[in-house]
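Just so you know, ligand 1 is whichever comes first in the structure, and atom 1 is the first atom listed for that ligand.
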Amino acid sequence: MDCGKLAELLFPDIKESPEDYEARYPARTLPAGAWVTRLGPSPTGFVHLGNLYVAFANERLAHQSGGVFFLRIEDTDSKRETPGAAEAVIRALDHYGLRFDEGVTVAGESGAYGPYRQSDRKDIYRCFAKRLVSEGRAYPCFLTNAELDAIRAEQEAAGLTPGLYGDRAAHRSLPLEAVRRRIESGESYVIRLRARDDAASSFTIKDGIRGTLTMPVNTMDIVLLKTDGMPTYHFAHVTDEHLMRTTHVIRGEEWISSLPVHIALFEALGLTPPIYCHTAVLMKSEGKTKRKLSKRKDPESSLAYYREAGYHPLAVREYLLTILNSDFEEWRAENPEADTDTFTFTTDKMSRSGILFDADKLNDVSKDVLLRIPAAALAAFLADWAAESGRPEASLLRSDLRYLERILDIGRHDANPRKDLAYGAQILAFIGYFYDALFRAEDAFPENVPRADVPKLLGGYLESYDCKDDRAAWFERVRVLAEANGYAAKPKDFKKNPDLYKGHVGDVSTVIRIALTGRQNSPDLWEIQRILGEARTRARIAGAIEAEIAAR
Ligand code: GLU
């Protein structure tokens, strides 16, 4: 069979050769040791936390080495694509501060190795497929789904590996005229790789994270171009990484099983594969076992979840870095204020087995990260997030950013700073009482304080309260109030002689705290009152007295 004629029959419109593309996309001129990495999201409208995790690894390793990090949109599967999804993915990545040097942006494309959308690269794939056909390494296959199913059933019944290979690949050697006739009669077909039947059974490859892997050689005539002429992930991947001059492919563990196919394709095209680095998958503990963080079952697998909950992008980034590199936390302890970009990221410190995603740990990391963000910036972030996510509190927060800033700054400059703030929704719940519209009496007054004492103590407090008091003078007045009502001025006095008192000054301040904040626990009361201001402080106390009297 004349493979050259077959190639012309299948791709009459393709005039360019792979060499033309080689010349158009020359080897990059970069310093020695520079990594060229990429992210290839499919625009399905869903971005998994694992995608961001992999994105950070790619970004760090490229930029740290003086290389290039680019964004390619892998949109060859139109069935999976949702409108506007590519833009949504780009915006989601941008939110986390991922800087791409090349690729698709919301404003168009930049870079000399594009187009960066696979759907715009159809001719490139067809050109490389044409070359494979002309060399006898690929062929058109007209087998229908029903025929493929029948072959599979027969193989299964005979205990053979299912798939198209060897003499099962019936259309490997269709005569040229038969191909022409089928095409003319409108039969649809795919282009398949002609797998080597003489290959050794296994090969070894060095994975940048996992070390040497031994894998079975591909024996299947896998699809390169689908019936619509679009490439499969495998064929697009190999062609693109080559022409875009990717040096390292850092991708999820779920792709390891495709390595034999990718290596077979590089071999068929006579190209050198990049270095593969397969990251560990994110896991979640469920009871005593661990399982993959699932798109279907776990809302926290989606980046949208963090956006909605109001996690600061730096917090998510910091958390992912702690699980990406095992020495990151040690580095952070030694460099508490440093920018994460100054940490040296390595593939040696990346996990090879599943990584446990831990929401509590994320919150702890987040609390530390938020402490490093100035209160004014945090206030702006919170107000923007509330507005963006359509929270009803948004206008309240926006109406006085300075007020919000003072609230968020409470206890942050102490020798042992407070770490109360983790993410937007939690922060709003935590600081709600600063806003009259959000204030609720959540906790009851302490049980050891007789009910009749509550209005008495609050009334006395209202009389003695002076907003000009400093912290010490304020507390002194609370002590006096406590004593006057039969409560010990110092907890230790109460401990010594519990029978002499109804309680101690702590109980009295709890009554005041509940009246002011609606809660048993809060940051420093004196500080809270300074922020609430005199009028609101007095109104809260008076309101609590009224409510107590009304409840009788
Ligand atoms: N388009 C693939 C995906 O979204 C990319 C995988 C890769 O990194 O090669 O899963």
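Lys367 NZ: more than 12 foreign heavy atoms inside a 6.0 Å radius.
Where the criterion is an N or O separation shorter than 3.5 Å, residue side chain and backbone included, His237 fails it with respect to ligand 1. Where the criterion is an N or O separation shorter than 3.5 Å, residue side chain and backbone included, Arg251 fails it with respect to ligand 1. When only interatomic distances are considered, the shortest N/O to N/O separation between Ile250 and ligand 1 does not fall below 3.5 Å.
A salt bridge is defined here as a Lys NZ or Arg NE, NH1 or NH2 lying under 4.0 Å from an Asp or Glu carboxylate O, and Asp207 with Arg352 fails to meet this definition.
Defined by atom type and a distance below 3.5 Å, a donor-acceptor pair is missing between the side-chain atoms of Asp298 and Tyr305. For the residue pair Tyr125/Asp240, the side-chain donor-acceptor check at 3.5 Å is satisfied. Using modelled atom types, one finds a donor on one side chain and an acceptor on the other under 3.5 Å when comparing His63 with Asp101.
Closest heavy-atom approach to atom 6 (C) of ligand 1 within the set Phe46, Tyr276, Trp255: this belongs to Trp255.
Gln118 contributes atom CD, which lies 4.0 Å from atom CD of Glu74 (distance to the nearest 0.5 angstrom).
The closest approach between a heavy atom of Glu254 and any atom of ligand 1 is not below 4.0 Å.
At a 4.0 Å heavy-atom cut-off, ligand 1 does not touch Arg72 at all.
The contact set between ligand 1 and Glu74, taken as ligand atoms under 4.0 Å from a residue heavy atom, comprises 1 (N), 2 (C), 5 (C). For ligand 1 and Tyr233, the ligand atoms under 4.0 Å from any heavy atom of the residue are 5 (C), 6 (C), 7 (C), 9 (O).
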